[in-house]
Structures are given as structure tokens and as C-alpha cells.
Amino acid sequence: MHERLPERRYVITTPLGRWRAVVADAGLRELSLPRRVVRDGWHPGRGGGKGSVPELRDQEGALGRRVLKALAERLDGKRTNLPWSDFDLSGRPPFFTRAWKALYAIPFGEVRTYSQIAKSAGSPQAVRAAGGACGANPIVLFIPCHRVIASNGPGGFGAGLDWKRRLLALEGRDL
DNA sequence: ACTGAACTTAAAA
DNA sequence: TTTTAAGTTCAGT
């Protein structure tokens, strides 16, 4: 019981820093933001600590290639997206999963409120839980939790509002 | 088994 | 303007 399926951890170095990815045979399980943005004078591959996580490369298979390509294109301002079937969300809470699907349906460059997400996820009153789902979003960027704002303002963001603004800016959106 | 917190909201005080 | 009650999930205690 509680058998863990094989998961591989990688880093992806981009102009915006080192992203972390968790990949399983069933799909992408996690994609997380760099803790800090790369600045001039920062050298990928040193400093930063934990030296043991390998870089994700094209030869990691079709999924790896899609992830690398999609990430590079998105950071270049394009609308590229991964298919929902590339994600492995197994074992995640049902409401959160429905909420993430609702996020996934928000078009590039548009935003929705937490209450709209709650409604789309099938529990119009579960607004707080919608916020919880955003906070627990395992696949940043491609499941666009950054496109969810509060009814009265920008709302929050786990990695910091800085990142939320930055990701929205990539879509030509201001906060 | 409970409690509080988490990327909220709308309504009441 | 501040307080409060309302889903879902999880980490503590």
C-alpha cells in the first residue's frame, strides 16, 4: 500500500531562473517557480545550493521536450500550452482538481475571480477553498493560478505577488 | 478528533 | 470600516 510511483526531479534553467519539475511516467506532476529570479552575475549550475538535481533535457522523452518547449515559448510571451493530458494530477483532492480545470480554461491574457472559479468547480460557495486550490496548484504557469484575482484587488500568490504580476505581464496584463 | 490557516467574499454590524 | 460566517484541505496538536 502507499506505493510510490517513480518520480524524477529536475531543474530547468531559464532566463527567469531555475524552475523545478517533477515528472512521472503518467505525466508532469509539479512545476514550480524559481525561488529567486536570475540577475546579472548569477551563474546557473553553481551557487544556489543542492547540486544533485539534474537539468531536464530533451532526451528525457516526448513529455520532457514538450515541457521545455512550452516553458521557453511562454517565457517568450507566446500562448503555448501543454495539453491537460500531460499532467498527472492523480492523488489530488477532487475539489482542487476541478478548480484547477477551471483555471486551465481561463484564456491567455484573461483573469477570473476566486468566486468564479469556485462556481466553475461546482461549489459556488467554496470561495475560500478556491483560494486554497490556487495556493496548492502543483503546476504553475500551465495551470494558470496567476489569472485568478480577488473581487476587490489582486488577491494573493504563494510565491509572492511579484511573480503574479510578472506572469500576468507576460500575457500583456497589468495588475 | 479538533483547531486554525490558506492566494476570499458578501453581507451585517 | 471592521467583523463574521461560509467550502475544502491539510498540518498541527
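Nothing here was measured: the structure is a model prediction, and the numbers come from that model.
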So A:I139 and A:L82, do their side chains get closer than 4.5 Å, heavy atoms only?
no
Quick check against the 3.5 Å criterion: does A:T14 have a side-chain atom that pairs as donor or acceptor with the backbone of A:G17?
yes
Let me know the distance between CZ of A:F157 and P of B:dT8, rounded to the nearest Å.
13 Å
Can you give the dot-bracket line for DNA chain B, where a pair is Watson-Crick or G-U wobble with both atom distances under 3.5 Å, crossing pairs use [ ], and | marks a partner on another strand?
||||||.||||||
Side-chain N,O (A:S115) to OP1/OP2 (B:dT9) below 4.0 Å:
no
Which is true for A:G155 with a 4.0 Å heavy-atom rule: it touches a base, it touches only sugar-phosphate, or it touches nothing?
nothing
Would you kindly give the CG-to-C1' distance between A:L168 and B:dC7, to the nearest whole Å?
13 Å
A:V148 and A:T113, any side-chain heavy atoms less than 4.5 Å apart
no
note: A:R112, atom CZ; B:dC7, atom P; distance rounded to Å ~ 22 Å
Distance check, rounded to the nearest 0.5 Å: A:I117 atom CD1 versus A:K101 atom NZ?
14.0 Å
Indicate whether OP1 or OP2 belonging to B:dT8 is found under 4.0 Å from a side-chain N or O atom of A:T113.
no
Report which part of the nucleic acid A:N137 touches: base, sugar-phosphate, or nothing (heavy-atom distance under 4.0 Å, all strands).
nothing
Take atom CG of A:L103 and atom P of B:dC7, then tell me their distance rounded to the nearest Å.
14 Å
Could you check which of B:dC7, B:dA10, C:dA6 has an atom nearest any side-chain atom of A:Q125?
C:dA6
Reckon A:N152 has a side-chain N or O less than 4.0 Å from the OP1 or OP2 of B:dT9?
yes
Could you tell me if A:Y10 and A:E55 have a donor-acceptor pair between their side chains, going purely by distance under 3.5 Å?
no
Could you verify whether a donor N or O on one side chain and an acceptor N or O on the other, from A:R112 and A:S120, lie under 3.5 Å apart?
no
According to the interplanar angle, ranging from 0 to 90°, do the rings of A:F96 and A:W100 count as parallel (below 30°), tilted (30 to 60°) or perpendicular (above 60°)?
tilted
Rounding to 0.5 Å, atoms OG1 (A:T80) and CG (A:L75) come to a distance of 10.5 Å
Taking the C1' atom in each of B:dC7 and C:dT1, what is the distance between them to the nearest angstrom?
23 Å
Could you state the atom-to-atom distance from CG of A:L161 to P of B:dT8 in whole Å?
10 Å
Under 4.0 Å protein heavy-atom contact, by nucleotide of nucleotides 8-13 of chain C - B base, S sugar-phosphate only:
SSS---
Nearest-angstrom distance, C1' atom, B:dA5 to C:dA6:
15 Å
Quick check on side-chain contact (heavy atoms from CB on, under 4.5 Å): which of A:V11, A:V67, A:L71, A:T13 does A:W19 satisfy it with?
A:L71
